[in-house]
Q: 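Take a look at this one; I'll ask things after.
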There are 2 protein chains.
Amino acid sequence: MYSSKINPIKSLSNVLFLPIWMMSKNIEKPTEAELKILKVLWQVGPCTVRQVHEALSYDKDSGYTTTLKLMQIMTEKGLVRRNESSRTHIYEATVSEADTQKQLLHKFLETAFSGSASKLVMQALGNHRTSKEELEQIRQLLDKIEKEKP
Amino acid sequence: MYSSKINPIKSLSNVLFLPIWMMSKNIEKPTEAELKILKVLWQVGPCTVRQVHEALSYDKDSGYTTTLKLMQIMTEKGLVRRNESSRTHIYEATVSEADTQKQLLHKFLETAFSGSASKLVMQALGNHRTSKEELEQIRQLLDKIEKEKP
DNA sequence: AAAAATATACGAAGAATTTCGTAATATAAC
DNA sequence: GTTATATTACGAAATTCTTCGTATATTTTT
């Protein structure tokens with residue numbers, strides 16, 4: 001990296017406000033294809049490769065060995081763990097959906113919205129149908145956050 | 001794609017509820033490196049390659065020709081347009097920041113949050129410092145949305 | 001006018017991700 | 001038990017994105 005003499009504040013602020021999740025141990029960031037697999041595992045629980053592959057084949061058109069290979073890589077990365085006691089291995093996610101979303105959101109917020117959570121939130125609310133119940137939940141969260149503020 | 005006989009509703013719903021922005025002409029999706037360049041152009045306006053490259057070199061450590069090449073590719077994709085009247089070309093973004101954010105957000109929402117805007121919003125609000133003013137803005141948006149509901 | 005600096009064009013290397021084909025092995029069916 | 005089927009292992013091709021080096025052309029400096 002370029003050692004900036006003009007704007008040292010930028011990198012400094014990054015250190016001071018390091019989000020909590022970044023301080024915990026390094027979680028491998030899933031790629032897009034890996035994320036699709038994780039979603040299946042989160043939704044239906046421990047699966048064989050075939051189960052995952054069937055679940056994906058509605059959206060995606062790639063061969064069985066592709067899914068297999070990805071899941072093998074994910075095992076190496078530690079994104080999933082597998083039970084090898086029977087010949088057909090059973091895979092399960094080792095990372096939680098919430099943690100992964102947190103991590104991906106942080107990255108996305110930086111790259112696409114330059115870190116402005118409120119801009120992102122307003123865009124998300126403005127362009128996507130959200131039920132009354134969900135809006136109410138968000139409102140409650142707002143209350144809670146504001147109450148905890150000075 | 002797999003022609004599903006089991007769940008034809010899925011693809012159907014995608015057609016029925018096609019978001020408005022998707023119906024407009026196809027915008028090329030910027031890659032991550034391209035997005036960084038766009039951000040400079042959005043922030044400072046029309047630029048030469050050198051200006052963009054200098055602006056980026058605080059965060060990024062790649063050569064001048066890399067930036068040049070990327071901007072040439074972006075021109076082909078139609079993400080930027082350039083004025084070639086003088087030897088040093090002047091580039092400007094052809095896509096707006098808001099439109100691009102909308103597009104990226106939609107994609108992200110689908111891949112990471114399975115389309116649940118409220119989940120994303122709550123995660124974003126929960127994990128990132130947001131000022132009182134911003135929270136108030138969001139609250140007002142909530143009011144506006146709920147008022148427009150049945 | 002020659003030399004130096006700066007710009008674009010463009011092919012191709014490098015890197016990361018996704019895809020597949022084939023071999024080896026185990027299980028199931030006959 | 002032999003054949004057929006299903007599963008894993010693994011290398012390597014295909015793809016996409018990023019990076020760079022070199023050639024060529026233009027402007028600026030000396």
Side-chain angles (χ1 to χ4, degrees), chain A residues 1-2 26-40 46-92 100 104 107-108 111-112, chain B residues 1-2 26-40 46-92 100 104 107-108 111-112:
Chain A
M1 286 296 170
Y2 198 101
N26 263 10
I27 307 173
E28 282 282 350
K29 187 196 162 199
T31 67
E32 218 170 294
E34 288 171 349
L35 188 58
K36 284 182 185 162
I37 291 171
L38 281 175
K39 276 167 123 176
V40 175
C47 284
T48 64
V49 173
R50 183 148 303 276
Q51 285 174 311
V52 171
H53 182 250
E54 306 267 276
L56 291 178
S57 48
Y58 296 112
D59 283 324
K60 211 177 140 185
D61 209 7
S62 56
Y64 173 83
T65 51
T66 301
T67 306
L68 170 65
K69 181 69 171 185
L70 281 170
M71 292 177 77
Q72 285 169 344
I73 292 170
M74 291 168 78
T75 305
E76 283 169 27
K77 287 191 183 176
L79 290 171
V80 299
R81 151 182 50 228
R82 68 181 176 191
N83 182 335
E84 308 179 5
S85 59
S86 52
R87 186 166 99 96
T88 63
H89 300 346
I90 309 286
Y91 289 77
E92 67 180 321
T100 306
L104 293 175
K107 178 82 185 300
F108 179 71
T111 59
Chain B
M1 283 297 170
Y2 198 100
N26 261 10
I27 307 173
E28 282 281 350
K29 188 196 162 198
T31 67
E32 217 170 297
E34 288 170 348
L35 189 59
K36 283 183 185 163
I37 291 172
L38 281 175
K39 277 168 131 176
V40 175
C47 282
T48 64
V49 173
R50 184 149 303 278
Q51 285 174 311
V52 171
H53 182 248
E54 307 266 277
L56 289 179
S57 49
Y58 296 113
D59 282 326
K60 209 179 140 182
D61 210 6
S62 55
Y64 172 82
T65 51
T66 300
T67 307
L68 170 65
K69 181 70 172 182
L70 280 170
M71 292 176 77
Q72 285 169 343
I73 291 170
M74 290 168 79
T75 305
E76 285 169 25
K77 287 191 186 177
L79 289 170
V80 300
R81 152 181 49 228
R82 67 183 175 189
N83 182 335
E84 307 179 6
S85 59
S86 52
R87 185 166 96 94
T88 62
H89 301 167
I90 309 288
Y91 288 78
E92 68 180 319
T100 307
L104 293 174
K107 177 83 185 299
F108 179 71
T111 58

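Letters A, B, ... are given to chains in the order of the sequence lines, protein chains preceding strands, and every chain is numbered from 1.
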Q: Ignoring hydrogens, what is the shortest heavy-atom contact between A:Thr48 and A:Ile90? Give both atom names and the distance.
A: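 Heavy atoms of A:Thr48 and A:Ile90 come nearest at CG2-CD1, 3.7 Å.
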Q: Return the nearest nucleotide to the side chain of B:Arg50; candidates are C:dA7, D:dT19, C:dT17.
A: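 Nucleotide nearest to B:Arg50's side chain: C:dA7.
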Q: I want to verify a distance call: between C:dT8, D:dA9, D:dT18, whose nearest atom is closest to the B:Gln72 side chain?
A: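 Per side-chain heavy atoms of B:Gln72, the pick is C:dT8.
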Q: Do the side-chain N or O atoms of B:Thr66 get closer than 4.0 angstrom to the phosphate oxygens (OP1, OP2) of D:dC20?
A: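 Indeed, a polar side-chain atom of B:Thr66 lies that close.
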Q: Distance check needed: C:dT19 P versus A:Leu56 CG, whole Å only.
A: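 Result: 10 Å.
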Q: At under 4.0 Å, does any side-chain N or O of B:Tyr64 touch on OP1 or OP2 of D:dG21?
A: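 It does not, given that no N or O in the side chain of B:Tyr64 lies less than 4.0 Å from OP1 or OP2 of D:dG21.
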Q: D:dT22, OP1 or OP2 - any side-chain N/O from B:Thr65 closer than 4.0 Å?
A: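 For D:dT22, OP1/OP2 do not have a side-chain N/O of B:Thr65 under 4.0 Å.
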Q: I need the NE2-C1' distance between A:His53 and D:dT8, as an integer number of Å.
A: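 Computing the A:His53:NE2 to D:dT8:C1' distance gives 15 Å.
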Q: Could you state the CD-P distance from A:Glu32 to C:dA16, rounded to the nearest angstrom?
A: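 Rounded to the whole Å, the gap is 18 Å.
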Q: Looking at A:Glu34 and A:Ile73, what are the two nearest heavy atoms and their distance?
A: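 Looking at all heavy atoms of both residues, the closest pair is OE2-CG2, 3.9 Å.
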Q: Parallel, tilted or perpendicular, judged at 30° and 60°: which one describes the rings of A:Phe108 and B:Phe108?
A: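 The arrangement is parallel - the two ring planes meet at less than 30°.
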Q: Calculate the interatomic distance between A:Tyr91 atom OH and D:dA9 atom C1'; express it in whole Å.
A: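 Distance check: A:Tyr91 OH to D:dA9 C1' gives 10 Å.
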Q: Taking atom C1' of D:dA6 as reference, at what distance in whole Å does atom CD1 of A:Ile90 sit?
A: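 Checked: the CD1 to C1' distance equals 14 Å.
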Q: Between A:His89 and A:Lys69, which has a closest nucleotide on DNA chain D that is more 5'?
A: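 Going by which nucleotide is closer to the 5' end, it is A:His89.
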Q: In whole angstrom, give the distance that lies between atom CD1 of B:Ile37 and atom C1' of D:dT19.
A: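 The answer, rounded to whole Å, is 12 Å.
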Q: If you assign B:Glu84 and A:Leu70 each to the DNA chain C nucleotide with the nearest heavy atom, which residue ends up on the more 5' nucleotide?
A: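 The residue closer to the strand's 5' end, by nearest nucleotide, is B:Glu84.
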Q: List the atom of A:Ala112, the atom of B:Leu35, and the distance in Å for their closest heavy-atom pair.
A: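 That would be CA-CD2, 4.0 Å.
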Q: Can you tell me how far the NE2 atom of A:His89 sits from the CZ atom of A:Arg82, to the nearest 0.5 Å?
A: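 So the gap between those two atoms works out to 4.5 Å.
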Q: Which one, C:dC20, D:dT18, D:dA9, comes nearest to the side chain of A:Ser62?
A: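 That would be C:dC20.
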Q: Under 4.0 Å from OP1 or OP2 of C:dA7: is there any side-chain N or O of B:Thr88 that close?
A: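 For B:Thr88, the contact criterion (side-chain N or O under 4.0 Å from OP1 or OP2 of C:dA7) is not met.
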Q: Tell me which nucleotide among D:dC17, D:dT8, C:dT19 gets nearest to the side chain of A:Val49.
A: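 The answer is D:dT8.
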Q: How close or far is atom P of D:dG11 from atom CG of A:Leu68, stated in whole angstroms?
A: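 Atom CG in A:Leu68 sits about 14 Å away from atom P in D:dG11.
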Q: For the pair made of CD1 in A:Ile73 and P in D:dT8, what is the distance, rounded to whole Å?
A: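 Atom CD1 in A:Ile73 sits about 15 Å away from atom P in D:dT8.
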Q: Would you say B:Arg87 places a side-chain N or O within less than 4.0 Å of OP1 or OP2 belonging to C:dA5?
A: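 Answer no for this pair, as no side-chain N or O of B:Arg87 is under 4.0 Å from OP1 or OP2.
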